[in-house]
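Both ligands and their constituent atoms are indexed starting at 1 by order of listing.
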Amino acid sequence: MSLDNKPVYTGGCQCGAIRFRVEGALHHASICHCRMCQKAFGSFYAPLATVNEGTLTWTRGEPKRFKSSSIATRGFCADCGTPLTFEADDGVALAIGAFDDPAAVMPDKQWGIENKLPYVDTLHELPAKRTEDDEEVSPFLADLRNYQHPDHDTEAWPSEPKQ
Ligand SMILES: [Zn+2]
Ligand SMILES: [Zn+2]
């Protein structure tokens with residue numbers, strides 16, 4: 001929340017070259033199963049939150065854009081490839097996973113279900129494990145260095161050279 005009680009959302013790409021800020025309530029949040037969203041996100045579907053006009057600011061960098069159809073443009077980080085936007089005449093939508101707190105942006109509608117992948121509805125039934133409970137990965141997790149931008153704004157990034 002800002003001082004005048006407006007909700008504030010921040011986020012950005014994985015490498016931190018691009019950061020955004022939304023001041024005020026989001027317009028709407030949904031997932032889209034259409035084939036173009038699957039391809040653009042490299043995923044089963046696209047989670048997207050549309051912003052109200054005039055509430056979005058790019059606070060570091062700006063997405064590179066690909067015109068994916070005659071009516072839509074998709075923004076992404078040219079440095080790390082993180083999908084960031086879906087943009088059309090009626091507004092801009094941001095990728096929910098790119099928000100610093102994606103848990104705060106809950107979708108309430110699905111689009112393009114004619115292209116929904118057949119296993120999407122049963123994914124939650126797959127065998128599941130916490131990362132720290134996986135004995136095969138724990139030895140190298142101890143030495144892992146994380147180069148992902150943290151889930152908050154930073155003065156400068158990266159803060160130290162990669163090793
Ligand atoms: Zn990036
Ligand atoms: Zn779509």
### Task
Calculate the angle formed at the Zn ion (ligand 1) by SG in C15 and SG in C77; 10° precision is enough.
110°
### Query
Vertex the Zn ion (ligand 1): angle to SG of C80 and SG of C13, to 10°?
110°
#### Entry: N/O/S from C37 sitting under 2.8 Å away from the Zn ion (ligand 2)
yes
### Message
Between the side chains of E87 and R74, is the shortest nitrogen-to-carboxylate-oxygen separation below 4.0 Å, so that they form an ion pair?
### Response
no
### Query
Would M36 end up clustered with I31 when hydrophobic side chains under 4.5 Å apart are linked, directly or stepwise?
no
### Query
Mind checking whether the Zn ion (ligand 1) has an N, O or S of H149 under 2.8 Å?
no
### Ring centers of Y9, F20 separated by less than 6.0 Å
no
#### Entry: Lys/Arg N to Asp/Glu carboxylate O, D121 vs K116, below 4.0 Å
yes
